[in-house]
Amino acid sequence: MKVSASFLSSKNPAVDLTKLNDTDVDYIHVDIMDGKFVPNKTMPFSEMKNIYKYTSKRLDVHLMVENPKEYIPLYAELNTEYITIHVELEEDIMECLELIKSYSIKAGLSIKPNTKVSELIPYLPYIDMVLVMSVEPGAGGQAFIEESEERIKEVRALLNSYNIPAVINVDGGINGDTVKRCSECDIVTAGSYIVNSDNFQDKISSLR
Ligand code: DX5
Ligand code: ZN
């Protein structure tokens, strides 16, 4: 299992990112919130881009914003492997996915806990990752929604039935117990479980 570490709940991102750089974590999960798609707001790009000073890990960027087209060109400049947008957006999703691809970056599509998995169908040929939200997006430290286990299986079945090689990532409430319900995933994203601990590597190893 690959692990992506979110530093959304970190009290000191510079210190925690430096510590994460010394682990074998696969990706740094960068949560971006605009105060519109979700109520919370994260720091502006002018500050967020300094992340390169503290990590040489590839970035897994999760855009929880109403207007991804404003953000995609900015985050495409960084050491980014995936940029993920939400299937619930009012925006033209295909245009956003094409914009991500135009930078040779892998495109992800995220789905909130109450959105029908079938909403993903029109975009399946164009995506490299499905990010299954196992909490309502907007904040770290929430409890894993139990139904997510079934939803992950549903997404896996959908990808198989359309013969789509996209990976599945799960985000929200992941810890040493809840990860057991995510065995169908290729990547797990964990925030508070890692950054609120005193041994990042132990927690990361427990998720693999
Ligand atoms: C929630 C974010 C998650 C969050 C995960 O909106 O997308 O990435 O930071 O944090 P934990 O692991 O604490 O739920
Ligand atoms: Zn996230």
Side-chain angles (χ1 to χ4, degrees), residues 1-13 16-17 19-20 23 25-43 48 51 55 57-66 68 71-72 75 78 80-89 100 106-115 127-149 151-152 155 167-182 185-198 200 202-208:
M1 183 77 81
K2 286 190 174 177
V3 178
S4 191
S6 161
F7 60 99
L8 183 65
S9 300
S10 169
K11 284 167 201 85
N12 193 335
D16 287 348
L17 284 166
K19 281 163 71 182
L20 282 166
T23 69
V25 81
D26 297 280
Y27 303 106
I28 299 298
H29 183 89
V30 185
D31 286 305
I32 311 296
M33 308 185 184
D34 64 354
K36 293 181 215 151
F37 184 76
V38 288
N40 285 331
K41 207 169 173 172
T42 41
M43 58 180 120
M48 194 65 95
I51 191 169
T55 188
K57 302 280 184 186
R58 301 279 284 160
L59 306 182
D60 157 32
V61 176
H62 178 194
L63 295 179
M64 289 167 273
V65 301
E66 268 185 0
Y71 295 79
I72 292 165
Y75 285 91
L78 308 180
T80 301
E81 177 131 349
Y82 291 99
I83 297 181
T84 297
I85 59 168
H86 267 267
V87 73
E88 297 84 6
L89 288 172
I100 297 169
K106 293 177 186 164
L109 199 52
S110 185
I111 182 159
K112 298 206 275 181
N114 292 319
T115 304
I127 59 175
D128 302 288
M129 178 169 86
V130 177
L131 180 67
V132 177
M133 291 308 301
S134 39
V135 298
E136 267 311 315
Q142 304 180 73
F144 181 87
I145 297 171
E146 294 302 325
E147 288 76 19
S148 309
E149 181 174 4
R151 287 170 64 74
I152 292 165
V155 171
V167 298
I168 304 179
N169 186 353
V170 59
D171 185 13
I174 298 297
N175 57 40
D177 288 326
T178 56
V179 72
K180 293 179 192 138
R181 283 162 237 167
C182 306
C185 291
D186 305 280
I187 310 174
V188 286
T189 296
S192 48
Y193 177 64
I194 299 172
V195 301
N196 293 347
S197 81
D198 18 312
F200 289 8
D202 270 4
K203 298 295 179 197
I204 292 162
S205 301
S206 75
L207 297 173
R208 292 197 185 278

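Counting convention: from 1, in listed order, for ligands and their atoms alike.
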By number and element, which atoms of ligand 1 are closer than 4.0 Å to a non-hydrogen atom of Ala190?
12 (O)
Examine Thr189 against ligand 1 and note whether any of their N/O atoms are separated by less than 3.5 Å.
no
Interatomic distance, Ile187 atom CD1 to Tyr82 atom OH [nearest 0.5 angstrom]:
4.5 Å
Check step by step if side-chain hydrogen bond (donor to acceptor under 3.5 Å, both in side chains) holds for Ser205 and Asp202.
CA-CA 5 Å; Ser205 301; Asp202 270 4; 5.5 Å; no
Taking only heavy atoms of His62, which atoms of ligand 1 are found under 4.0 Å from at least one of them?
7 (O)
Given a threshold of 2.8 Å, state how many protein N/O/S atoms are nearer than that to the Zn ion (ligand 2).
4
For atom 8 (O) of ligand 1, the closest protein heavy atom turns out to be Asp171 OD1, 2.7 Å
Between the CG atom in Asp26 and the CG atom in Asp60, the distance rounded to the nearest 0.5 Å is 10.5 Å
Check this for me - ligand 1, Ser192, N or O atoms closer than 3.5 angstrom, yes or no?
yes
Which atoms of ligand 1 sit under 4.0 Å from any heavy atom of Gly140?
10 (O), 13 (O)
For a side-chain contact (heavy atoms from CB on, under 4.5 Å) check, start with the C-alpha distance between Met33 and Leu8, then their side-chain angles and the critical distance, and finish with the verdict.
CA-CA 10 Å; Met33 308 185 184; Leu8 183 65; 3.4 Å; yes
Could you list the atoms of ligand 1 found under 4.0 angstrom from a heavy atom of His29?
8 (O)
Indicate yes or no: does an N/O atom of Gly172 lie under 3.5 Å from an N/O atom of ligand 1?
no
State the atoms of ligand 1, each with its element, that fall below the 4.0 Å cut-off from a heavy-atom position in Pro137.
6 (O)
Could you walk me through whether Asp31 and His29 satisfy the side-chain hydrogen bond (donor to acceptor under 3.5 Å, both in side chains) test, starting with their C-alpha distance in whole Å, then the side-chain angles of each, then the deciding distance to 0.1 Å, before giving a yes or no?
CA-CA 6 Å; Asp31 286 305; His29 183 89; 2.9 Å; yes
Side chain proximity check, Leu109 to Ile85, heavy atoms < 4.5 angstrom:
yes
Is there a polar contact between ligand 1 and Gly141, counting only N or O atoms under 3.5 Å apart?
yes
For atom 9 (O) of ligand 1, tell me which residue out of Gly191, Ala5, Ser6 has the closest non-hydrogen atom.
Ser6
Hey, does Ser6 have a side-chain heavy atom less than 4.5 Å from the side chain of Ser192?
no
Asp16 vs Phe200 side-chain heavy atoms within contact, under 4.5 Å:
yes
Is it true that atom NZ of Lys2 has more than 12 heavy atoms of other residues, nucleotides or ligands lying nearer than 6.0 Å?
no
Which of the numbered atoms in ligand 1 are under 4.0 angstrom from any heavy atom belonging to Met133?
7 (O)
Report the relative orientation of the aromatic rings in Phe37 and His86; use parallel for angles under 30°, tilted for 30 to 60°, perpendicular for over 60°.
tilted
Protein contact to atom 1 (C) of ligand 1 [nearest heavy atom, distance to 0.1 Å]
Ala139 O, 3.5 Å
Any N or O of Gln142 that comes nearer than 3.5 Å to an N or O of ligand 1?
no
Examine Ser9 against ligand 1 and note whether any of their N/O atoms are separated by less than 3.5 Å.
no
Once you round to the nearest 0.5 Å, how far does CD1 of Ile32 lie from CE of Met43?
8.0 Å
Counting both backbone and side chain atoms, is some N or O of Asp31 under 3.5 Å from an N or O of ligand 1?
yes
N or O pair under 3.5 Å between Gly173 and ligand 1:
yes
Spacing of CD1 belonging to Ile168 relative to CE belonging to Met129, to within rounding of 0.5 Å:
11.0 Å
Under the criterion side-chain hydrogen bond (donor to acceptor under 3.5 Å, both in side chains), I'd like the reasoning laid out for Ser206 against Tyr193: C-alpha separation, chi angles, the key distance, then a yes or no.
CA-CA 11 Å; Ser206 75; Tyr193 177 64; 2.7 Å; yes
Looking at OG1 of Thr80 and CD1 of Ile28, how far apart are the two atoms once the value is rounded to the nearest 0.5 Å?
12.0 Å
Backbone or side-chain N or O of Met64 under 3.5 Å from ligand 1 N or O
no
Quick one: which ligand 1 atoms are inside 4.0 Å of a heavy atom on Gly138?
1 (C), 6 (O)
Given the rule in the side-chain contact (heavy atoms from CB on, under 4.5 Å) test, do Leu20 and Thr55 qualify, once you have shown the distances and angles that lead to the verdict?
CA-CA 8 Å; Leu20 282 166; Thr55 188; over 6 Å; no
